[in-house]
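Below you'll find the structure, written out as structure tokens, and then a few comments.
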Number of protein chains: 2
Amino acid sequence: MESVTGPRLASGLRISVMRLSRRMRQAPSSSLSPTQIATLATLERLGPMTLGELAAQERVQPPSMTRVIMHLDDLGLVTRSPHKTDGRQVIASVTPAGRELLESDRRRRDEWLAERLVELEPDEIAVLERAAVILDKIANS
Amino acid sequence: MESVTGPRLASGLRISVMRLSRRMRQAPSSSLSPTQIATLATLERLGPMTLGELAAQERVQPPSMTRVIMHLDDLGLVTRSPHKTDGRQVIASVTPAGRELLESDRRRRDEWLAERLVELEPDEIAVLERAAVILDKIANS
DNA sequence: TATTGTTATACTCTATAACTATA
DNA sequence: TATAGTTATAGAGTATAACAATA
């Protein structure tokens with residue numbers, strides 16, 4: 001059984017999750033790109049770090065991170081400061097404005113999804129309540 | 001209840017879905033872009049349809065779908081055929097090569113997820129089976 | 001010499017606007 | 001006139017290669 005059910009579910013679930021995530025990313029939010037938002041969120045979550053570390057975290061190449069940070073800096077969402085001992089390195093940090101943007105962005109995305117959830121039947125809600133926990137378990141495994 | 005449960009589920013579900021999708025995107029796959037793969041999968045799942053219908057399904061603009069289908073056609077993964085009664089419309093269909101690619105692609109990309117699914121209890125699998133359908137419904141709403 | 005980050009350049013993906021063919 | 005699809009063109013995002021500054 002597992003040899004049949006496992007792969008089929010994996011395929012269907014993967015497509016559904018990817019499709020929904022694509023849709024949620026399209027939902028009205030800030031005007032930042034996924035990488036820009038993710039970079040900002042990573043900086044908030046893990047604290048100030050060098051551009052090289054950030055690039056590795058977000059799995060983009062260094063030149064791409066240079067541009068992302070340049071853009072976020074232009075918008076006042078991050079600051080760039082020199083490394084204390086190594087003059088080659090640059091440390092990026094989230095500004096208060098950056099934190100505010102992250103917060104309001106999260107609020108808006110939640111609203112978009114919440115609007116759709118109220119259209120569902122109670123038993124569908126129950127399924128998603130349980131699914132959210134399971135998906136999280138999978139993502140963290 | 002709904003006024004509390006709705007938003008909480010929205011937030012939890014959004015985070016879980018986005019986190020899982022980020023993990024899955026890092027898995028190795030074919031050289032097709034997300035939209036190209038999704039389009040091919042949609043054609044296989046729903047059967048032959050016009051480019052306009054496909055564009056609506058994948059939520060891209062018609063010119064983008066024209067290019068996606070042109071590319072898939074060049075690769076021999078889909079065919080384009082004239083509509084029986086309406087000379088303006090074009091019907092796209094998956095070729096056997098397209099099905100093969102989907103199959104091998106899924107096999108590779110689903111490995112990561114499938115490995116984690118077999119760790120789950122049968123009732124958790126059942127929840128995800130249902131959740132996949134509901135997530136899809138939300139994504140298409 | 002090696003490393004960190006930047007600049008120059010090109011490619012992919014997607015969009016809007018203008019166009020062609022058909023209804 | 002309206003609709004389906006295509007072509008022309010532009011913009012965003014990311015990559016590789018070459019370069020500058022520092023270790």
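Here is how names work: the chains are called A, B, and so on, in the same order as the sequence lines, proteins then strands, and each is numbered from 1.
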Requested in this report: Verify, without hydrogens or angle tests, whether Thr50(B) (side chain) and Val90(B) (backbone) share a donor-acceptor contact under 3.5 angstrom.
Outcome: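 Not a single qualifying donor-acceptor pair exists.
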
I'd like to know if the side chain of Arg130(B) and the backbone of Ala126(B) have a donor-acceptor N/O pair within less than 3.5 Å.
no

[X]: side chain to side chain donor-acceptor pair (under 3.5 Å) partners, not counting sequence neighbours:
X: Asp86(A); answer: Arg88(A), Gln89(A)
X: Asp74(B); answer: none
X: Thr66(A); answer: none

#### Entry: Residue whose nearest DNA chain D nucleotide is more 5′ - Thr85(A) or Ser64(A)
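Its nucleotide being nearer the 5' end, the pick is Ser64(A).
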
Check: Arg45(A) and Thr42(A) side chains under 4.5 Å, non-hydrogen atoms:
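Result yes, sub-4.5 Å side-chain heavy-atom pair found.
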
| Hey, mind stepping through Lys137(A) and Glu119(B) against salt bridge (Lys or Arg N to Asp or Glu O under 4.0 Å) and telling me if it holds? | CA-CA 11 Å; Lys137(A) 194 162 105 180; Glu119(B) 304 281 321; over 6 Å; no

Exceeds 12 heavy-atom contacts within 6.0 angstrom, atom CZ of Arg67(B):
no

Contacting residues from residues 35-49 of chain A, given that a heavy atom lies under 4.0 angstrom of DNA chain C |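 None, since no heavy atom is under 4.0 Å.
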
### Query
What is the minimum heavy-atom distance between Ala132(A) and Leu9(B), and which atoms define it?
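For Ala132(A) versus Leu9(B), the nearest heavy atoms are CB-CD1, 4.5 Å.
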
Chain A reaches DNA chain D, atoms under 4.0 Å from its heavy atoms, from dG13(D) to dA23(D)

* To do: May I ask whether Val94(B) and Met70(B) are part of the same hydrophobic cluster, defined by side-chain heavy atoms of I, L, V, M, F, W, Y residues being less than 4.5 angstrom apart, directly or through others?
  => no

Under a 4.0 Å heavy-atom criterion, the protein footprint on nucleotides 1-11 of chain C, written with B, S and -, is --BSSBB----

